[in-house]
A.B. asks: 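Got a structure for you, questions after.
Chain A is the first sequence line, chain B the second, and so forth, proteins listed ahead of strands; every chain is numbered from 1.
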There are 2 protein chains.
Amino acid sequence: MKLTTKGRYAVMAMADLASFKDQGPVSLSDISLRQNISLPYLEQIFLKLKNNNLVKSVRGAKGGYKLELSPDEIKISNIISAVDEEVKMLNCKKDSKKGCNNKSSKCITHNLWDQLDQHINNFFEKVKLQDLVKKKQILNK
Amino acid sequence: MKLTTKGRYAVMAMADLASFKDQGPVSLSDISLRQNISLPYLEQIFLKLKNNNLVKSVRGAKGGYKLELSPDEIKISNIISAVDEEVKMLNCKKDSKKGCNNKSSKCITHNLWDQLDQHINNFFEKVKLQDLVKKKQILNK
DNA sequence: TTTAAATCATACTAAATTAGTAGGAATTGA
DNA sequence: TCAATTCCTACTAATTTAGTATGATTTAAA
Ligand code: FES
Ligand code: FES
């Protein structure tokens, strides 16, 4: 049960952006160096962040990305979902072959996974980007 | 961000065992049919459950498995860890090449993932097997 | 005593997902 | 003009997951 690099890198990159938000647009090559993430991979990630209106781009030389909102307006959940990192513990499907829902009704663990989904999503809703950049403070809930 | 089938099936199978705990040992082929899980796959899973003292086996014809403890003494976390389903959001590693910890100190998102790990593990600690078998009641936290 | 039903154990393999790379086109400040 | 940058899609390699396969061992019951 792990996060994919896409979700992880997206949050790292956004936190990086937040840290340098007063220095004009930040280029992906800068982020790539600081966070040790491959540049073309970052490009893919930022395409999605942009399409979800979390960042805006400045094209051309000396260009880069800036946050669309202030760090205290951006929830981790926004970032996670922007890059299609889904929290998906439930496994029920319509078609009988795959998924645990073979006999029309819900399986014995359905409610458990449903609650777990909510539990995790609540966490991502509660934490803001701002919470990450206040120099390494302990996240207070 | 998903659970693997190993963790999912382990919990389903344990809940099944708990449901039928008064009928002598339950065979894996019964569980296989009821929960729609491949028999040899279940065997692998139960090997681990047994090695972690969550179930005990009765060999030979008419054999099967029984719970080692009562359902209210078994936490979901026990089951999850027995089958090596790890909650592992952190990605820091010692070797410089892999993992996000390239510059000796912790990355900007380390605390976030650490808190998330705890958040999820708390959930698994709180819920008991018993909570699943009380006929489909809503889990109350 | 034979047989069938069951666990026990390990090795292998196919499918799916993840984590990137590759190869360019478009834009723009210097 | 040119270098630095974003933009965009397709492809591929690596890893992980989700099983199969194979066979041994045990034991209740016929
Ligand atoms: S998780 Fe929904 S039916 Fe099993
Ligand atoms: S998660 Fe630990 S250093 Fe990044």
A.B. asks: C/dT21, OP1 or OP2 - any side-chain N/O from A/S38 closer than 4.0 Å?
C.D. replies: yes
A.B. asks: I'd like to know if A/E85 reaches the base of C/dT18 with its side chain, counting only an N/O donor and acceptor under 3.5 Å.
C.D. replies: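 Between C/dT18 and A/E85, which were checked side chain against base, a qualifying N/O pair under 3.5 Å is absent.
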A.B. asks: Write down the distance between CG (A/L39) and P (D/dA4), rounded to a whole number of angstrom.
C.D. replies: 13 Å
A.B. asks: What's the CG-P distance between B/L47 and D/dT22, to the nearest Å?
C.D. replies: 20 Å
A.B. asks: Among residues at least two apart in sequence or on other chains, which ones pass side-chain contact (heavy atoms from CB on, under 4.5 Å) with A/E43?
C.D. replies: A/L28, A/L39, A/P40
A.B. asks: OP1, OP2 of D/dA18 versus side-chain N and O of B/T5: anything below 4.0 Å?
C.D. replies: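 The answer is yes; a side-chain N or O of B/T5 sits under 4.0 Å from OP1 or OP2.
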A.B. asks: I want to check one thing: is the phosphate of D/dC7, taken as OP1 and OP2, less than 4.0 Å away from some side-chain N or O of A/S57?
C.D. replies: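 Result: yes.
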A.B. asks: If you compare every side-chain N and O of B/K50 against the phosphate oxygens of C/dC8 (OP1, OP2), does one of them come in below 4.0 Å?
C.D. replies: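 Answer yes for this pair, as a side-chain N or O of B/K50 is under 4.0 Å from OP1 or OP2.
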A.B. asks: Identify, between B/K62 and A/N51, the residue whose nearest nucleotide on DNA chain D lies closer to the 5' end.
C.D. replies: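 In this pair, the answer is A/N51.
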A.B. asks: What orientation do A/F123 and B/H119 show, parallel under 30°, tilted 30 to 60°, or perpendicular over 60°?
C.D. replies: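 Tilted.
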A.B. asks: Using 30° and 60° as the class limits, which term best fits the ring planes of B/F46 and B/Y65: parallel, tilted or perpendicular?
C.D. replies: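 The rings of B/F46 and B/Y65 sit tilted, inter-plane angle from 30° to 60°.
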A.B. asks: Which label fits A/Y9 and A/Y41: parallel for a plane angle under 30°, tilted from 30 to 60°, or perpendicular past 60°?
C.D. replies: perpendicular
A.B. asks: Does C/dT7 have its OP1 or OP2 closer than 4.0 Å to a side-chain nitrogen or oxygen of B/S27?
C.D. replies: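 No, B/S27 has no side-chain N/O under 4.0 Å of OP1/OP2 on C/dT7.
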A.B. asks: Taking N and O atoms by type only, does the side chain of A/Q44 place a donor or acceptor under 3.5 Å from a partner on the base of C/dT21?
C.D. replies: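 Indeed there is one.
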A.B. asks: Can you measure A/K2 atom NZ to D/dT16 atom C1' for me and round it to whole angstrom units?
C.D. replies: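 Taking NZ of A/K2 and C1' of D/dT16, I get 8 Å after rounding.
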A.B. asks: What is the distance from CG of A/D84 to P of C/dA19, rounded to the nearest Å?
C.D. replies: 13 Å
A.B. asks: Has B/Y9 got a side-chain N or O lying under 4.0 Å from the OP1 or OP2 atom of D/dA18?
C.D. replies: no
A.B. asks: D/dA18 C1' sits how many Å from B/L42 CG, rounded?
C.D. replies: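 It is 13 Å, rounded to the nearest whole Å.
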A.B. asks: When only distance counts, do a donor and an acceptor, one from the side chain of B/R59 and one from the base of D/dT26, lie under 3.5 Å apart?
C.D. replies: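 Such a pair does not exist between side chain and base.
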A.B. asks: In whole Å, what is the span from the CD1 atom of A/I45 to the P atom of C/dT21?
C.D. replies: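 Result: 12 Å.
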A.B. asks: Kindly say if A/Y41 contacts the phosphate of C/dA22, meaning a side-chain N or O under 4.0 Å from OP1 or OP2.
C.D. replies: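 Negative; the distance criterion is not met.
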A.B. asks: Side-chain polar contacts of residues 67-83 of chain B - donor-acceptor pairs under 3.5 angstrom, sequence neighbours left out - could you list them?
C.D. replies:
{"from": "B/S70", "atom 1": "OG", "to": "B/D72", "atom 2": "OD1", "distance (Å)": "2.4"}
{"from": "B/S70", "atom 1": "OG", "to": "B/E73", "atom 2": "OE1", "distance (Å)": "3.4"}
{"from": "B/E73", "atom 1": "OE1", "to": "B/S70", "atom 2": "N", "distance (Å)": "3.1"}
{"from": "B/K75", "atom 1": "NZ", "to": "B/E125", "atom 2": "OE1", "distance (Å)": "2.8"}
{"from": "B/S77", "atom 1": "OG", "to": "B/E125", "atom 2": "OE2", "distance (Å)": "3.1"}
{"from": "B/N78", "atom 1": "OD1", "to": "B/K75", "atom 2": "N", "distance (Å)": "2.9"}
{"from": "B/S81", "atom 1": "OG", "to": "B/S77", "atom 2": "O", "distance (Å)": "3.2"}
{"from": "B/S81", "atom 1": "OG", "to": "B/N78", "atom 2": "O", "distance (Å)": "3.4"}

A.B. asks: To the nearest Å, give me how far apart CD (A/E43) and P (C/dA19) are.
C.D. replies: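 That distance rounds to 18 Å.
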A.B. asks: Nearest to the side chain of A/A61, heavy atoms from C-beta on, is which of D/dA3, C/dA6, C/dA9?
C.D. replies: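 Nearest listed nucleotide: D/dA3.
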A.B. asks: How many Å lie between CZ on B/F46 and P on C/dT10, as a whole number?
C.D. replies: 18 Å
